[in-house]
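Just so you know, ligand 1 is whichever comes first in the structure, and atom 1 is the first atom listed for that ligand.
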Amino acid sequence: MRDIGGGPRVLLKRLREFTAAALEPQERLDRIVREIARNMVAEVCSLYVLRADSMLELYATEGLNPGSVHLAQLRLGQGLVGTIAASARPLNLTDAQHHPAFAYLPETGEEIYHSFLGVPVLRAGRTLGVLVVQNKTMRTYQDDEIEALETTAMVIAEMIATGDLARLSRPGIELDLGRPVSFDGLALSDGVGLGHVVLHEPRVVVKDLFAEDGEAESARLNEALGSLRLSIDDMLSRRDVAFEGEHRAVLEAYRMFANDRGWVRRIEEAISNGLTAEAAVEKVQSDMRARMMHMTDPYLRERMSDFDDLGNRLLRQLMGRGPETLAETLPKDSIIVARSMGAAELLDYPRNRLRGLVLEDGAPTSHVVIVARAIGIAVAGQAKGAVSMSENGDAIIIDGDDGQVHLRPAPDVEAAYAEKARFRARKQQLYRELREKPSVSADGVKVDLMMNAGLAVDLPQLADSGAAGIGLFRTELQFMVAARFPRAEEQEQLYREVLQAAGDRPVTFRTIDIGGDKVLPYFKEAVHEENPALGWRAIRLTLDKPTLLRTQIRALLRAAGGRELRIMLPMVTEISEIRKTRAIIDREVQHLSRFAHLLPTRIKLGAMIEVPSLLWQLNELMRAVDFVSVGSNDLFQFVTASDRGNTRLSSRFNPLSVPFLRVLKQIADAGFANDTPVTLCGELAGRPLSAMALFGVGYRSISMAPAAIGPVKAMLRELPVGALVDHMKKAMNGMGAEDDMAAMLIKFAADHGIELDQ
Ligand code: PEP
Ligand code: MG
């Protein structure tokens with residue numbers, strides 16, 4: 001860069017003086033643009049700021065008509081300035097007026113200028129404005145001049161972010177930074193939360209932007225890069241299985257990036273322009289983020305976000321901060337916003353301060369989502385861009401029922417959700433009042449309403465929900481949230497805790513149901529399968545890996561010493577699987593009694609009905625077990641041959657259709673005929689309408705998510721079960737297989753004054 005104006009170092013030094021001086025914001029801006037123009041030997045320097053209405057308003061200028069400040073404006077995408085803002089990329093033009101995007105604003109008097117250099121004002125990858133220099137002569141700006149202008153833009157971004165410039169806008173006009181943003185995410189865990197943003201990986205706020213001694217900054221950068229590389233190597237060399245598989249691949253990519261010359265060179269360039277090492281990292285990171293937002297290739301986006309994570313780690317190294325510790329100052333209504341998160345990390349947050357979780361990734365089966373559901377907080381996933389759009393402390397609303405997230409909501413949106421939250425709270429209060437009331441229908445039929453669980457964090461819900469027991473304890477969840485196979489003692493410890501919490505209420509432990517969509521990253525022998533739902537999973541897998549099953553059974557037997565133990569087998573396809581498991585249990589019992597262990601007083605073995613093959617051997621099955629439980633999620637997916645996780649099919653087939661209800665009734669009837677207790681523990685149990693259908697076809701025990709017990713109990717206590725059974729029998733005989741029972745059930749409920757809370 002030509003040094004007539006003093007070069008970028010001098011410019012940054014002057015800017016530092018302006019930002020530190022006690023000046024009115026407009027005065028500060030005016031001085032800044034004047035200084036940039038002087039330093040870059042440009043006749044014009046202008047700053048445009050992006051408003052919430054997507055207009056770029058001229059906020060300060062040196063060289064253009066001063067009367068046009070706060071009046072001249074361009075739409076996002078309009079003209080050169082609008083193009084820069086929309087693309088988040090600089091434009092460097094020798095003859096701007098011949099550029100197809102050039103838009104002439106008569107009020108500014110810019111027709112006499114030819115060369116044009118504009119850069120986006122970026123913060124955390126968001127475009128907040130555009131900074132422009134112009135010259136009368138046709139000249140080409142050099143790379144170091146672009147770099148210097150971009151660096152200056154960072155200083156301005158900071159001023160906008162701190163709200164310094166908001167006061168300059170006319171009344172009623174808001175800057176883009178404070179704009180309400182909504183995300184149409186994926187509903188992952190029910191609930192409505194109103195609160196404030198807590199960024200899971202808080203952006204490290206770089207306070208010191210300018211440095212006097214470039215060499216010292218370079219040395220700091222190199223040292224931090226060295227430590228970063230070492231820490232990645234260290235993680236990679238640990239024999240901890242947590243870093244196998246996918247995790248290892250990510251770390252290896254990080255190691256490659258940490259040695260990426262282009263990345264490091266760009267940071268060094270920014271340092272040579274007078275930035276501190278951390279400000280230089282942030283600048284490069286911000287450019288990357290902005291580019292990432294305009295990228296459609298999912299693979300490249302993913303790689304870019306790896307760079308982003310790496311940038312954060314490097315910033316922490318430079319600023320001497322380890323991983324964030326949880327501040328006691330966490331707001332009482334925290335809504336965590338994260339790109340992705342491990343299950344254990346969520347549990348590190350004080351639960352009583354959490355109102356929700358917003359994830360940029362996140363799938364229904366991800367571990368963190370399973371845990372969030374267990375602790376009862378709303379979750380929305382796939383909210384792309386939520387992290388970079390949010391600032392700590394921003395107001396935010398999450399609706400886990402439909403996946404909507406509203407960041408910095410408008411007052412009317414906030415009022416509507418506050419009403420929804422109040423309504424839910426009133427309902428919850430009603431359900432709490434029902435907790436101690438018996439689960440009996442209006443005509444005196446007793447039904448067991450049990451809850452599903454799988455982690456220690458679920459246990460307080462036993463008391464909170466008033467469940468009659470745990471109808472399904474998904475033991476695989478302990479395996480899924482762990483980084484390696486839980487040891488026998490860890491399994492035993494969990495089972496003890498569960499039984500202790502249940503007191504004299506029954507608990508049904510399901511043996512590990514892994515495979516299918518429940519993958520353990522550390523389980524090496526699981527290979528890619530064409531049809532995992534139909535593959536090597538659940539009891540099929542554990543019978544082939546008897547050590548796994550034996551260890552679990554031993555842990556269960558030891559934990560249940562002196563009381564009844566109920567064990568349930570998932571995905572049973574034929575009766576021989578039950579026989580084989582019983583033989584393993586018998587052997588373990590013998591083994592333990594040889595060592596004089598206290599054994600369970602009684603062992604009950606049950607099977608889940610999930611695979612349709614069992615439907616044609618129901619009598620034999622009922623005789624081979626002590627109880628059965630219908631896993632309606634899997635049974636429905638196999639009966640209708642429709643993947644339960646495929647959102648395109650999720651509402652295509654109806655479980656309340658006559659054929660599927662016939663299947664469910666057949667099972668209930670067989671249980672009755674064979675005197676074998678029958679339960680149902682799939683999602684159908686947890687919705688009042690489908691629970692009603694279950695009562696109508698003969699189910700007297702169902703198990704569901706704890707939050708569903710209140711609504712189902714409220715429905716049950718109004719329901720004349722006898723009348724419903726007769727009505728459904730008649731209707732199902734008279735209806736064709738095409739008919740949907742849902743409408744009939746809704747009418748029955750309405751005719752009997754039953755409110756169905758869905
Ligand atoms: C089911 O399949 O209905 C069930 C309860 O088991 P899971 O959802 O754990 O597969
Ligand atoms: Mg299942």
- Item | Glu610 atom (N/O/S) at minimal separation from the Mg ion (ligand 2) | OE2
- Message: Between Ser701 and Thr679, do the side chains contain a donor N or O and an acceptor N or O under 3.5 Å apart?
- Response: yes
- Task: Could you find the nearest protein heavy atom to atom 2 (O) of ligand 1 and give me its residue, atom name and distance?
- Result: Glu610 OE2, 2.9 Å
- Task: Answer with side chain, backbone, both or neither: which part of Leu635 has a heavy atom less than 4.0 angstrom from an atom of ligand 1?
- Result: neither
- Heteroatom test (N, O or S) for Asp513 near the Mg ion (ligand 2), limit 2.8 Å: no
- Query: Side chains of Arg540 and Thr573: is there a donor and an acceptor less than 3.5 Å apart?
  - Reply: yes
- For residues Arg566 and Thr508, is any side-chain donor paired with an opposing acceptor at under 3.5 Å? yes
- Task: Using distance alone, with no hydrogens and no angle criterion, decide if Ser613 and Glu574 have a side-chain donor and acceptor under 3.5 Å apart.
- Result: no
- Message: What protein heavy atom lies closest to atom 5 (C) of ligand 1? Include the residue and the distance to one decimal.
- Response: Cys681 O, 3.4 Å
- Query: At under 4.0 Å between heavy atoms, which part of Arg644 makes contact with ligand 1: side chain, backbone, both or neither?
  - Reply: side chain
- Taking only heavy atoms of Gly631, which atoms of ligand 1 are found under 4.0 Å from at least one of them? 1 (C), 2 (O), 3 (O)
- Item | Distance-only donor-acceptor check, side chains Tyr495 and Gln552, under 3.5 Å | yes
- For Asp634, counting its heavy atoms only, list the atoms of ligand 1 lying under 4.0 Å from any of them. 1 (C), 2 (O), 3 (O), 10 (O)
- Query: Side chain or backbone of Glu683 under 4.0 Å from ligand 1, or both, or neither, by non-hydrogen atoms?
  - Reply: neither
- Message: Under the side-chain contact (heavy atoms from CB on, under 4.5 Å) test against Val630, which residue among Leu614, Val663, Ile667, Leu684 passes?
- Response: Ile667
- Query: Hey, which N, O or S atom on Asp634 ends up closest to the Mg ion (ligand 2)?
  - Reply: OD2
- Number the atoms of ligand 1 from 1 as they appear, then name those within less than 4.0 Å of a heavy atom of Leu472, with their elements. 5 (C)
- Query: How does Met571 reach ligand 1, if at all, at less than 4.0 Å between non-hydrogen atoms: by side chain, backbone, both, or neither?
  - Reply: neither
- Task: Would you mind reporting whether Leu557 and Ile603 have side-chain heavy atoms less than 4.5 Å apart?
- Result: yes
- Query: How close does the nearest protein non-hydrogen atom get to atom 6 (O) of ligand 1, and which residue and atom is it?
  - Reply: Arg510 NH1, 2.9 Å
- Please state whether the rings of His200 and Tyr349 are parallel, tilted or perpendicular, taking 30° and 60° as the class boundaries. tilted
- Query: Do Asn674 and Thr676 have side-chain atoms, one donor and one acceptor, less than 3.5 Å apart?
  - Reply: no
